[in-house]
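Reading through the structure tokens given below for one structure.
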2 protein chains.
Amino acid sequence: MPYDPSAFPPFAVTVDLVVLTVRKHALCALVVRRGEPPFEGQWALPGGFVRADEDLEAAAGRELGEETGLRSQEPADDAASVRDPGAHLEQLATYGTPDRDPRMRVVSVAHLVLAPDLPTPTPGGDARGARWASVTSLLASEDQGPEDVEVGPLAFDHDRILADGVERARSKIEYSSLATAFCPPEFTVGELRRVYEAVWGVALDPRNFHRKVTGTPGFLVPTGGTTTRQGGRPAQLFRAGGATLLNPPMLRPEV
Amino acid sequence: MPYDPSAFPPFAVTVDLVVLTVRKHALCALVVRRGEPPFEGQWALPGGFVRADEDLEAAAGRELGEETGLRSQEPADDAASVRDPGAHLEQLATYGTPDRDPRMRVVSVAHLVLAPDLPTPTPGGDARGARWASVTSLLASEDQGPEDVEVGPLAFDHDRILADGVERARSKIEYSSLATAFCPPEFTVGELRRVYEAVWGVALDPRNFHRKVTGTPGFLVPTGGTTTRQGGRPAQLFRAGGATLLNPPMLRPEV
DNA sequence: ACAAAAGTGTTGGATTTACACCCATGA
DNA sequence: TCATGGGTGTAAATCCAACACTTTTGT
């Protein structure tokens, strides 16, 4: 088939963001309220158009900064991760069903962001209404009654994008050190365990968990400090080590 | 930021295919020779434009059929998998670096296809020049000398897309039953083992492999027949069972 | 003293690995 | 009979789940 650059069908390309964090022992996602039709007033995932000369990942990072003030840090530049609450960013999947946007043909490249709990309850930036909502309430709203009435079904196909992102996060922390992206720069083993418990929605044995993560070489490096911010006996503080793969993987208990 | 549908930057959206199969104990990818500039005469991954009213996965399936005559079979319709050599198709990733195509801004949604070894050595269809090339020769051509001079570096960023697809296939057969997609409808345990060995490039213990795959409930279902097409003692024939997840996973030996 | 969270030790069961050994066919 | 691949048995090493038990703080 000969290639005719002037005859390609025109598409709009956007990035949508599944921004996840752990707050109060629950997995939460960032949602924004739409200011214009379609789906005006409804909640949606943050996102926006890719600019004409902008890389996809750069567009996702830009939108992330505009909505939350976060900065993604994929290649961890030296000690930048200490002074700045960075976040993990990766491409999730692309959604391009012809009628997913009633106005025009839009292909959206969704990205997944894992961020530590932010000091600001409501993320700042130029976002109109933005809030954290627990993913259980967001994902349950399709089938069951309105558990959290404030956020109904999300706009467009964002419920599915969110579900895909949550599933990706749940499976990826099994075999990688990605769960540390939910933690502040320095954290305890117990705090890391509560991340796993929140993301998976299960209870883990603290003793076995401790042995597992401290026994994997390169996964955690002790900083020397301790803290009692969780109460009880002082706990050692750790930073994420260089190891990005967790082998053997963390085992997710049966549901 | 107000939404102006008439002002979005125009993008071309394509699908590119990483079609993998196992031939003669080697993992091979389908490549086509480009007939026009840019990269005229160079080899590339098969692909093409997404039509104005076409789903992304449908576009990938259509291109697959045009290039190979294969049909994807994601939702395995009853016994269709028996009479037709189906193939596994899934979305891989999206590539949209601004200058990846010198002519215009092109965002390509790459898909991964795993297919059984086809009876036709050179895939038919409307493809000009199409051939299978071993991924080791394709991926080695960047660094080392031209091991297989006929296929040099691939056009555009297709070397990277291919590498991502191969890595996805290698990791996914660890914990899923996806390796059966490389096999004909009925196959032996030894044939399945040779798929793993070709994809991973390692040797596996035939006895332990046999116990592992036959001992996982729902993974393989015996058809009752036997074959001696590999020589030696007749081997039982199996079909892929309903189980799509392999737990505990197949362990990939250290390299 | 007590509660709470952090850690260590130990034991039984499951899984993996390595390899000895037997089975059924074609040449 | 021999080569070839298919398949079963078994013992050592390893890994994981469960839980008793000790440590160190705040109240």
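Convention: sequence-line order gives letters A, B, ...; per-chain numbering from 1. Given the structure is predicted, the values throughout are model-derived calculations rather than measurements.
In this structure, the side chain of H158(B) engages the main chain of L45(B) through a donor-acceptor pair within 3.5 Å.
As a whole-Å value, the separation of F209(A) CZ from dA18(D) P is 16 Å. Per the geometry, NE2 belonging to H210(A) stands 5 Å off C1' belonging to dG7(C), to the nearest Å. As a whole-Å value, the separation of Q230(B) CD from dG7(D) C1' is 15 Å. Rounded to whole Å, the distance from CZ on R233(A) to P on dT25(D) is 8 Å. Separating the CZ atom of R229(B) from the C1' atom of dG6(D) is a distance of 14 Å, rounded to the nearest angstrom. Between L251(A) atom CG and dA18(D) atom P the separation is 11 Å, expressed in whole Å. Atom pair L237(B):CG and dG7(D):C1' shows a separation of 15 Å (rounding to whole Å applied). The nearest whole Å value for the distance from the NZ atom in K212(B) to the P atom in dA18(C) is 15 Å.
The nearest heavy atom of DNA chain D to D205(A) and to P249(A) marks one nucleotide each, and the one closer to the 5' end goes with P249(A). Taking the nucleotide of DNA chain C with the nearest heavy atom to each of P234(B) and T188(A), the more 5' of the two is matched to T188(A). The residue among A235(B) and T228(A) whose nearest nucleotide of DNA chain D is located toward the 5' end is A235(B).
When the side-chain nitrogen and oxygen atoms of R207(B) are compared with OP1 and OP2 of dC21(C), none of them lie within a distance under 4.0 Å.
With respect to the salt-bridge test (charged N to carboxylate O, under 4.0 angstrom), the residues R168(A) and D164(A) do not qualify.
Taken to the nearest 0.5 Å, the CZ atom of F182(A) stands 15.5 Å off from the CZ atom of R194(A). Within the model, atoms CG of L162(A) and CG of D16(A) stand 11.5 Å from one another, a figure rounded to the nearest 0.5 Å.
Contact of R211(B) with dG9(D) (side chain to base): a donor-acceptor pair of N or O atoms is detected under 3.5 Å.
The side-chain contact (heavy atoms from CB on, under 4.5 Å) test with P46(A) is passed by exactly one of V18(A), V31(A), L17(A): L17(A).
Looking at heavy-atom distances under 4.0 Å, P248(B) makes contact with sugar-phosphate atoms alone, never a base.
Of the listed nucleotides (dG7(D), dT16(C), dT17(C)), dG7(D) has the atom at the smallest distance from the side chain of V189(B).
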